[in-house]
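So the structure is just underneath, and the comments pick up after that.
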There are 2 protein chains.
Amino acid sequence: MSSKNEIPVNERAGIRQVAELAGVGIASVSRVLSGQPGVSKKMTERVLQAAEQLNYTPNVLAQSLRRRSTKSIGFVCSDITNPLLASIVSGAESVLAAAGYSLLLTNSGGMPEMDAEHIDVLQQRQVDGLILLPSLENDAATLHALRKSAMPLVVIDRTLPDDVNANRVLSDHYLGVGAAARALLQQGHRRIGLIVGRDVRPTRERIRAVRDAYLAYDAAPDYLIETGILSIGHGERAMARLLALPWPPTAVILGGNQLLEGALKIISQRKLTLGRDFSLVCCDDVALSRLFSPPIATVMRDNILLGKRAAQLLLGQLDSPHESEEVLLPTWFENRGSCGPVAPARNTPDV
Amino acid sequence: MSSKNEIPVNERAGIRQVAELAGVGIASVSRVLSGQPGVSKKMTERVLQAAEQLNYTPNVLAQSLRRRSTKSIGFVCSDITNPLLASIVSGAESVLAAAGYSLLLTNSGGMPEMDAEHIDVLQQRQVDGLILLPSLENDAATLHALRKSAMPLVVIDRTLPDDVNANRVLSDHYLGVGAAARALLQQGHRRIGLIVGRDVRPTRERIRAVRDAYLAYDAAPDYLIETGILSIGHGERAMARLLALPWPPTAVILGGNQLLEGALKIISQRKLTLGRDFSLVCCDDVALSRLFSPPIATVMRDNILLGKRAAQLLLGQLDSPHESEEVLLPTWFENRGSCGPVAPARNTPDV
DNA sequence: TTGAAAGCGATACCAA
DNA sequence: TTGGTATCGCTTTCAA
């Protein structure tokens, strides 16, 4: 009862009003506006004009209820704050929006236990499909939520158990990290540290890449692996641990952009000069990292493309459901000043 | 007709099935499950048990259609790829999710002309409210879309015309930039460059802050303003232009985190040492910027809080509509090594 | 080619 | 306190 506004609120016109104004049946309006075949030209015109005149836009809710499709996609994201994920989301959104789909975003903020709940919420909202970038691969609650929902699904950079029946968009971490490891070995490093996150596909691939690089160089497997939960703190602590070893690594590969800040902190505390005293490679680009002196060598990938492909895969499945697919996208190593030949003195144990 | 799966797909139970199983009326089921008063204990139990047994979850679409509320909020975002915005979104999402609202995200990817369209889409999807972080303040199409939608609205860091009737969550840029400018003036800088974005509130406030700082120091207004569209390229070009002036600035304030990378690029090309040859302040935190040597002085704010407040404001308006509100959140200057006393030789014109 | 009418799955009024 | 029923706005058979 707002007496403030004398003009009656412009009630939204419904299909009924349009039909009435056009002097036709309600069904015809529906047909015209949803572009169905078998409508006369005259009818089309009348309806279109009436709709225009009433400024009619169909009620998406009612449409969805009948059609059993919401034209919306859920994106379950572990941490939108990470620019890597933000780029992926952005890529996905652009493709989805272009196809008339809206994106429902949930954010776990690094709390894996929220993923399952978010999946449930999205399923209740009847999204047509799901894009998933979970923190874990084996969280029971998450898997349970996925199995019971049984909707078209694309996971990014994760391999879930087969019975979940997910499409995948994966980055070929083996490629880029392998190149990085070989570059380091080439420069004489024989003690490489690898700081990684939890046991998910990217982590496993990165470890495999380093191991195989050592094999290719016929080098004793003297690499060191630090696992943990990707974060600045993990980067800091793991780096500190590695440097405190009796036989510390001469180079480190960071398996995640979240680690760089922490690692750099320790390196600068120890007054190590990158590229001379110590070599560093980071996986995934970080803003400003190439403006550092020296610039940080990085394993790159096209994040936007990752998101786009995920969306395309999903749309494809919605369009014509078929067996789950897998897309593998490359990563590549960009060597920069932070990598240099091993400092001779540090290449052997401090006996 | 998937012959693969012999077990019939678990058809979703509706309220009807629940009512039937519980042997009660459909209306009672609704009452119980939506927690309405005036239901007997016995009824509650029977319904709850039946619902449980059928694994019933209400159809959100049907609910929304009737209730005329979707429990969803639209977020129109100019560029989710910017960590600043990602943090804001993340803050908003957490508050909204906790209140049972879902977030529909659209991303303009820096194309202001998409904002209006996105607002329309979200309105058609009947979101209960909108959070808006548009690139522009005066885009005709955007304003038109907002006016005709007339739904509860919160804009972040923008002031739209009054007739749009938007709630606001603003950062007090004047505060932090003022402190930064005074710190520079204090160190003897009299020629300060200010690189900013388009004509939106933050830009105006930053300019005002610098002007007033000069006034406070009784200094001639010899500051320089470079406007443009926030981007790495703008940072680069504007910085190059400033340094090429006959009487170049001895310090620059960057009015946006997108500018830092470009500005630093030019500074390092010119072989200027920050804090000694040249002073630099950036508005909004950038990853790694405090690990630079020297660390970049920054005008800080709490991005997550910004998003949270926006969501809270919106929820408050949905709960009990009242006059539009405005929230002002602080920014503050963190002085770091990139600022130093002016290099005497550069403090006057190169006659 | 067109229109009447039966749902989609809930909510809410009204009568019992 | 409960249940029947109209309704939300649309899609989609079915007959005409």
Side-chain angles (χ1 to χ4, degrees), chain A residues 9-51 54-72 100 121 123-128, chain B residues 9-51 54-72 100 102 123-128:
Chain A
V9 179
N10 202 357
E11 283 297 337
R12 228 185 124 151
I15 198 172
R16 235 186 181 94
Q17 284 67 279
V18 179
E20 197 165 358
L21 179 60
V24 303
I26 202 179
S28 297
V29 177
S30 173
R31 284 191 198 101
V32 170
L33 293 170
S34 45
Q36 285 178 50
V39 200
S40 72
K41 210 168 172 181
K42 207 180 289 176
M43 174 64 84
T44 307
E45 271 174 32
R46 293 178 64 174
V47 169
L48 250 34
Q49 200 207 311
L54 290 174
N55 215 332
Y56 170 76
T57 101
N59 183 322
V60 182
L61 252 31
Q63 282 185 326
S64 301
L65 182 58
R66 271 299 323 225
R67 292 184 174 157
R68 313 189 146 287
S69 144
T70 54
K71 283 279 193 177
S72 68
V121 168
Q123 192 215 353
Q124 273 172 246
R125 289 203 176 258
Q126 310 191 32
V127 294
D128 295 341
Chain B
V9 178
N10 201 358
E11 284 296 336
R12 232 185 120 150
I15 198 172
R16 233 182 182 97
Q17 285 65 279
V18 179
E20 196 165 359
L21 179 61
V24 303
I26 201 179
S28 296
V29 177
S30 174
R31 283 191 200 101
V32 169
L33 293 171
S34 44
Q36 285 179 51
V39 200
S40 73
K41 210 167 173 180
K42 207 179 289 176
M43 175 65 84
T44 306
E45 271 173 31
R46 293 179 65 175
V47 170
L48 251 35
Q49 199 206 311
L54 291 174
N55 214 334
Y56 169 78
T57 99
N59 184 321
V60 182
L61 252 32
Q63 282 184 325
S64 300
L65 183 59
R66 270 302 322 218
R67 291 185 174 157
R68 313 188 146 287
S69 144
T70 54
K71 283 280 193 177
S72 69
S102 290
Q123 193 215 352
Q124 275 173 244
R125 290 204 175 258
Q126 310 190 33
V127 295
D128 295 342

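Each chain gets a letter, A, B and so on, in the order the sequences are listed, and its residues count up from 1.
- Here dG9(C) presents its C1' atom at 12 Å from CZ of Arg67(B), a figure rounded to the nearest Å.
- Using a 4.0 Å cut-off, no side-chain N or O of Ser28(A) falls inside it from OP1 or OP2 of dT2(C).
- In this view, Arg31(A) satisfies the side-chain hydrogen bond (donor to acceptor under 3.5 Å, both in side chains) rule with no residue, not counting sequence neighbours.
- Each end of the helix from dT1(C)-dA16(D) to dA16(C)-dT1(D) yields a helix axis from five base pairs, and these two axes differ in direction by 40° (to the nearest 10 degrees).
- Applying the side chain to side chain donor-acceptor pair (under 3.5 Å) rule to pairs touching residues 58-69 of chain B yields Gln126(A)-Asn59(B), Ser69(B)-Asp128(B), sequence neighbours excluded.
- Taking side-chain N and O atoms only, Ser30(A) has a distance below 4.0 Å to OP1 or OP2 of dT11(D).
- Taking each heavy atom of Met43(B) and Val32(B) in turn, the nearest pair found is CG-CG2, 4.0 Å.
- No donor-acceptor pair closer than 3.5 Å links the side chain of Arg12(A) to the backbone N or O of Asn55(A).
- When heavy atoms are screened at a 4.0 angstrom cut-off, Val39(A) is found touching the sugar-phosphate backbone but no base atom.
- The separation between Gln36(B) atom CD and dT2(D) atom P is 13 Å, rounded to whole Å.
- Nearest approach of Gly100(B) to Arg125(A), heavy atoms of both residues: O-NH2, 3.8 Å.
- Across the protein-nucleic acid pair, Glu20(A) atom CD and dT2(C) atom P stand 19 Å apart, rounded to whole Å.
- Within the structure, the side chain to side chain donor-acceptor pair (under 3.5 Å) test picks out no pair touching residues 37-46 of chain A (sequence neighbours left out).
- Spacing between atom CG of Leu33(A) and atom P of dT2(C) amounts to 14 Å, rounded to whole angstrom units.
- By the side-chain hydrogen bond (donor to acceptor under 3.5 Å, both in side chains) test, Gln36(B) pairs with Ser34(B), sequence neighbours left out.
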(request) Could you encode protein contacts along nucleotides 4-9 of chain D as a string, one character per nucleotide from 5' to 3', using B for base contact, S for sugar-phosphate-only contact and - for no contact, with a heavy-atom cut-off of under 4.0 Å? (result) BBBBBB

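- At least one side-chain heavy atom of Leu48(B) sits under 4.5 Å from a side-chain heavy atom of Leu33(B).
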